[in-house]
Structures are given as C-alpha cells and as structure tokens.
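Model, not experiment: these values are computed from the prediction. Labels below follow one simple rule: chain letters A, B, ... track the order of the sequence lines, proteins then strands, and each chain is numbered from 1.
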Number of protein chains: 2
Amino acid sequence: MSNEPNARMRGIDRAVAILEFLKARRRPVSIGDMARALGAPRSSVYEIVGRFVEAGILETDQDNSVYFGRSVYFYADAYLESQPLVRLGRDEAIRLSRATGETTQLCMLVANKYTVAFMHPGSSLFRISSETGVLVPIPWTASGRLLLGGMTDDEIKELIPPEDFWLPDGREIKFKDFIKDVRDACKQYRTVTSGLSDPYTMCLAAAIRDQHANPAATICFMVPANTDAHRRDELLNLLSASADALSQRLSHLAN
Amino acid sequence: MSNEPNARMRGIDRAVAILEFLKARRRPVSIGDMARALGAPRSSVYEIVGRFVEAGILETDQDNSVYFGRSVYFYADAYLESQPLVRLGRDEAIRLSRATGETTQLCMLVANKYTVAFMHPGSSLFRISSETGVLVPIPWTASGRLLLGGMTDDEIKELIPPEDFWLPDGREIKFKDFIKDVRDACKQYRTVTSGLSDPYTMCLAAAIRDQHANPAATICFMVPANTDAHRRDELLNLLSASADALSQRLSHLAN
DNA sequence: AAGTTTTGTCCGATATACTGGACACGCTGT
DNA sequence: ACAGCGTGTCCAGTATATCGGACAAAACTT
C-alpha cells in the first residue's frame with residue numbers, strides 16, 4: 001500500500017502484518033525480531049501483540065516469543081462448521097463408517113491446500129494416518145485430484161506451489177501426469193490411489209459437487225493397499241451413492 | 001475496560017471484539033447487526049471488516065454477511081503444529097472413540113473458563129452436542145475439577161467468578177465441597193461426575209499432565225448417566241492409560 | 001569487568017484513524 | 001406512490017493511537 005518505508009500505520013494493518021508474518025515463519029518469534037522484520041516500531045508491536053495475547057489470539061512461550069494462540073484454533077473450528085457441506089457430510093461419513101467398518105473422511109480444499117475436515121474411524125485395526133485439520137499439499141492425495149475438477153490446467157498450475165509436487169519420500173510428480181490424473185478422476189467423479197502418501201494405504205474417493213457441478217468436497221475411505229478389487233468396487237459404489245445424495249442436497253440448499 | 005458507552009475505541013480493540021462476537025454467535029452476521037450488537041459505529045465496523053476480508057481472515061457470503069475466512073484456518077494449522085498437547089490429544093481421542101464407540105472429548109482451561117478443544121462422536125445413538133470452543137464455568141464439569149489440581153485453594157477462589165458456582169438448574173455448589181471434589185479428583189488424576197450440567201449425562205475424565213505433573217488438559221468420555229459401574233470402570237481405566245501415555249510423551253518432548 | 005546488544009517500559013508530540021452524520025440506493029409493506 | 005427501514009459509501013473534525021526516543025535492566029561478548 002504505502003511505499004514510504006516507515007510511514008505511520010494503522011493498528012489493524014500492523015495487526016494483519018503480524019499474523020501474516022507468523023504464518024509465513026511457522027515458528028514463535030521474539031518481538032524484537034518481528035519489529036525488525038516488519039520495519040515496525042518496537043513500541044507498536046509490543047502494543048498490538050499485548051492486545052492479541054490478552055484475547056488468546058497469540059500466546060507467548062517461556063522465552064517471550066510469540067506465536068498463534070488457542071483462539072485462532074476455535075475460530076478455525078467455527079469456520080469449518082459454517083461450511084454447509086461439512087455439516088451434511090459429517091453425518092454421511094459416520095453412517096458409511098458404521099455400514100462398512102471402514103475409516104471414512106470428508107475432505108476439502110482450503111485455498112491452495114487439502115485438508116481432512118472430518119474423519120470417522122472404522123472398526124478394523126488398520127491404523128489412521130491423517131489427522132483432521134492439517135493442511136496437506138494437494139498432489140499428495142487422491143481426493144486432491146478430484147477437487148481440482150472444476151479448474152483449467154493453467155488455474156491448477158497457478159494454484160499449487162511447485163514444492164507441493166514433491167512427495168514426502170522425495171519422488172517428484174510431473175505436472176503432465178498430475179493433470180492426466182485429475183482429468184481421469186473427474187470423468188467418473190471418483191478416483192483410487194494406492195501408496196501415495198504412504199505405501200500401505202489405499203484411498204478411495206468420490207466427489208461431492210455444488211450446484212454448478214464443480215467438486216466442492218470428497219468423501220473417502222482409507223483402506224489397506226492390498227484390499228481386493230471386488231471389495232474396492234463395492235466401497236466405491238457406496239461412496240458414489242453418498243456423494244450423489246449429498247450433491248443433490250447441497251444444490252437444493254443453495255436455492 | 002472503558003465505562004463510557006460510546007467512547008472512541010482503538011481499531012485493534014474493535015477488531016478483537018468483532019472476532020470474539022463471531023465466535024460467540026457461531027454464524028455469519030450482517031455488518032449492521034454486528035455494529036448494533038457491539039455498540040460500534042457502522043463506519044468503523046465496515047472499515048475493519050473490509051481490512052480483514054482483504055486479508056482472508058473474514059469472508060462475506062452472498063448476503064454480505066461476514067464470518068471467519070480461510071486465513072484463520074492456516075493460522076490454526078500453524079498453532080496445532082506448535083502444540084503437541086492438542087495435536088496428540090486429538091489423535092488419542094479419535095482412537096478411544098473407535099475402540100469404545102463412546103463420545104470422546106479433549107478439554108482444557110482458557111483463563112477462568114473450561115472449554116472443549118476437540119470432540120469426536122461415538123457410534124452409539126446417545127449423541128452429546130457440546131460445541132468446541134464454547135466457554136463453560138469450571139465448576140459445571142468433571143474435567144474442570146481435575147484441571148485445577150495444580151492450584152492452591154486461594155488461587156482457585158481467586159480464579160473462579162462467584163456466579164460460576166451456580167449450576168444452570170439453579171443449584172449452588174459450595175466452595176468447600178468443590179475444593180474437596182478437586183482434591184479427591186487429583187489424587188488419582190481421574191474423576192466422574194453425573195448429572196452435573198445436565199441430568200442424563202455422566203462425564204468420565206482423566207488428566208493429562210505436563211512435565212511438572214500439573215494437569216494441562218483432560219481426556220474424557222461423555223456417557224449416559226445410567227451406565228453401569230463395571231463399564232464405567234473399564235472406560236476410566238482406558239482414559240487413565242491414554243492420559244498417562246500422553247503425559248509421558250509430552251514430558252519427553254519438553255526436554 | 002568493561003563493552004555491546006537486546007529487552008521491556010514509559011512518555012510527550014502530532015499525524016491521522018475513528019467517529020458521526022449526511023447521502024443515495026434498494027428493499028418491503030401499505 | 002409513499003413512508004419506513006437497512007445498506008453501503010463518503011467526508012471533515014478532533015480525540016487519540018502511533019511513533020521515536022530515552023531509560024534501566026538484562027543478556028551476551030570480548
């Protein structure tokens with residue numbers, strides 16, 4: 001906004017700058033460092049941080065470094081709760097878990113990342129790999145592919161940070177291959193990937209669409225990678241049926 | 001703070017008030033309503049909301065109602081990463097729900113109130129709907145008693161507002177009795193209360209301790225009040241085991 | 001132990017952010 | 001058509017929040 005380096009600034013603007021800075025740093029920062037990095041007066045930063053700590057939006061650790069506090073966690077919870085498809089999808093996920101005994105997840109995009117909005121564990125001993133609420137690079141997941149269905153190649157390239165195409169094990173996903181996956185997945189509004197984020201897990205996913213038939217979320221099963229083809233198809237059909245029902249209810253709500 | 005009703009206020013203070021208001025309302029609110037509810041000038045609220053929308057901290061829906069936006073989700077992701085207690089506790093709660101079919105909660109104190117930080121529904125039809133992030137008087141809950149374990153009687157008296165000792169049904173909890181509950185609960189790092197905040201619910205809780213053996217959070221089951229003693233003890237043992245394991249991992253991480 | 005940097009707190013001056021009010025517009029019900 | 005209400009934008013005045021600088025104490029360096 002202002003090109004003057006040390007112009008007087010509004011508290012709000014400083015506040016937003018502080019939050020964005022902490023988000024970028026991803027670790028607690030001392031107030032001195034923060035003031036230096038933001039080019040802001042130390043006294044102003046003390047003032048704003050103090051107010052945010054009082055509100056629980058930031059917290060100070062034992063070294064008086066500041067980082068995000070509990071309140072932002074509760075705000076985020078409220079945010080998810082406000083998404084209608086999370087409310088509907090959660091009940092459906094629970095129902096599917098009970099019917100099949102499998103671990104069911106409801107997944108969506110948040111800006112340029114993928115996240116598990118809700119999860120219900122199955123009855124099998126097969127362990128749970130992903131936590132809810134954690135942001136994951138989109139190319140690491142089956143659902144991520146489905147969720148990009150409404151976008152053009154260029155939009156996808158724009159959206160995803162280049163580093164997200166490297167899997168945790170060091171392999172790179174080629175953009176061309178990725179786009180092909182995306183298009184294949186979207187033809188049937190479903191997809192299967194095996195051994196992607198970890199080698200023992202297979203992920204089955206079906207897309208829930210909004211009123212414009214664009215993918216808005218996915219509902220998925222996490223099953224062992226060695227699950228046989230018959231069981232796999234049976235589960236996929238269940239997912240598709242649930243996704244279709246949810247899509248319909250969602251479009252209905254939008255009117 | 002200020003007792004003047006319409007005194008001029010700092011942007012930051014208005015900003016925090018807006019966020020807290022949205023958290024309490026738990027639904028999108030029009031700017032007009034917000035200004036009225038906060039006793040703030042409309043023009044000021046437009047100003048601040050506009051800045052927050054620009055930053056993605058708030059979002060406007062099709063009716064121009066405002067609610068939390070994507071950015072808070074990213075902030076919360078950063079927070080979770082920095083808080084092993086919440087991160088590990090959530091996983092453990094999900095695991096316990098799966099193992100028992102019961103509704104499991106992770107609870108903590110926020111200043112002088114008690115709150116549910118995470119909840120995972122059980123498979124039984126008995127559905128308890130306490131929302132996460134809602135602040136509740138400490139004496140209304142079983143977990144609240146456990147969480148005060150590290151404090152002296154005087155500190156507890158200082159912390160809890162007198163009105164919090166009145167239950168929703170109008171009964172009063174005597175301070176002496178409450179302290180006795182607290183001390184009893186802490187001997188074993190676990191507690192049971194029945195029919196406290198509502199008559200049909202029993203709450204079983206075990207304390208997760210930090211490296212100084214002070215309670216940092218509780219992990220609990222919400223079960224019907226008529227659950228038999230054998231089942232109750234079985235569940236309590238599971239909670240204790242989980243709490244002990246989490247306490248150990250936390251102390252280990254703190255070094 | 002002296003020198004250097006960083007940290008937390010305080011304070012007066014002034015640039016300006018916040019406020020109140022005015023205005024135009026789009027509703028809704030009569 | 002008209003009145004009544006809510007919404008979004010704009011503006012000028014002034015109460016005050018922000019800033020820079022000063023200070024002591026703490027935390028490192030040499």
query = What residues, two or more places apart in sequence or in another chain, satisfy salt bridge (charged side-chain N to carboxylate O under 4.0 Å, His left out) together with Arg42(B)?
reply = none
ask   = Nearest-Å distance, CG (Asp63(B)) to P (dG26(C))?
value = 18 Å
Below 3.5 Å is the cut-off: list the nitrogen or oxygen pairs between protein and nucleotides 4-7 of chain D, distance only.
from	atom 1	to	atom 2	distance (Å)
dT7(D)	OP1	Ser30(B)	OG	3.4

inquiry  = Give me the stems containing DNA chain D, sorted by first residue, counting only three or more consecutive Watson-Crick or G-U pairs with both distances under 3.5 Å; say none if there aren't any.
reply    = C:1-30 with D:1-30
message = Within the 4.5 Å heavy-atom criterion, are Leu19(B) and Ile57(B) side-chain neighbours or not?
response = yes
task = State whether Arg10(B) places a side-chain N or O below 4.0 Å from either non-bridging phosphate oxygen (OP1 or OP2) of dT18(D).
result = yes
query = Nearest-Å distance, CE (Met9(A)) to C1' (dC18(C))?
reply = 18 Å
remark   = Arg14(B) atom CZ is separated from dT16(D) atom P, nearest whole Å, by 12 Å
For atom CG of Asp13(A) and atom P of dA17(D), their distance in whole Å = 16 Å
Arg209(A) (side chain) donor-acceptor with Ala207(A) (main chain) under 3.5 angstrom = yes
key: Residues which pass ring-ring contact (aromatic ring centres under 6.0 Å, His included) with Tyr114(A), listed by chain and number, not counting sequence neighbours   = none
task = Please confirm whether Arg70(B) makes a cation-pi placement over Tyr79(A), using NZ or CZ under 6.0 Å from the six-membered ring centre and within 45° of the ring normal.
result = no
request  = Check the distance between dA17(D)'s P and Arg51(A)'s CZ and give it to me in whole angstrom.
outcome  = 12 Å
remark   = The ring-ring contact (aromatic ring centres under 6.0 Å, His included) partners of Tyr73(A) (sequence neighbours excluded) come to none
ask   = Side chain of Ser43(B): nearest nucleotide among dG20(C), dC18(C), dG20(D)?
value = dG20(C)
ask   = Which class fits the ring pair His120(B) and Phe118(A): parallel under 30°, tilted 30 to 60°, perpendicular over 60°?
value = parallel
message = What is the separation between atom CD on Glu47(B) and atom P on dG21(C), rounded to the nearest whole Å?
response = 19 Å
query = Is Arg145(B) reaching over with its side chain to a backbone N or O of Pro139(B), donor-acceptor style, under 3.5 angstrom?
reply = yes
note = From CD1 of Ile48(A) across to P of dA17(D) the rounded distance in Å is 12 Å
ask   = What pairs with Tyr67(B) under ring-ring contact (aromatic ring centres under 6.0 Å, His included), at least two apart in sequence or on another chain?
value = none
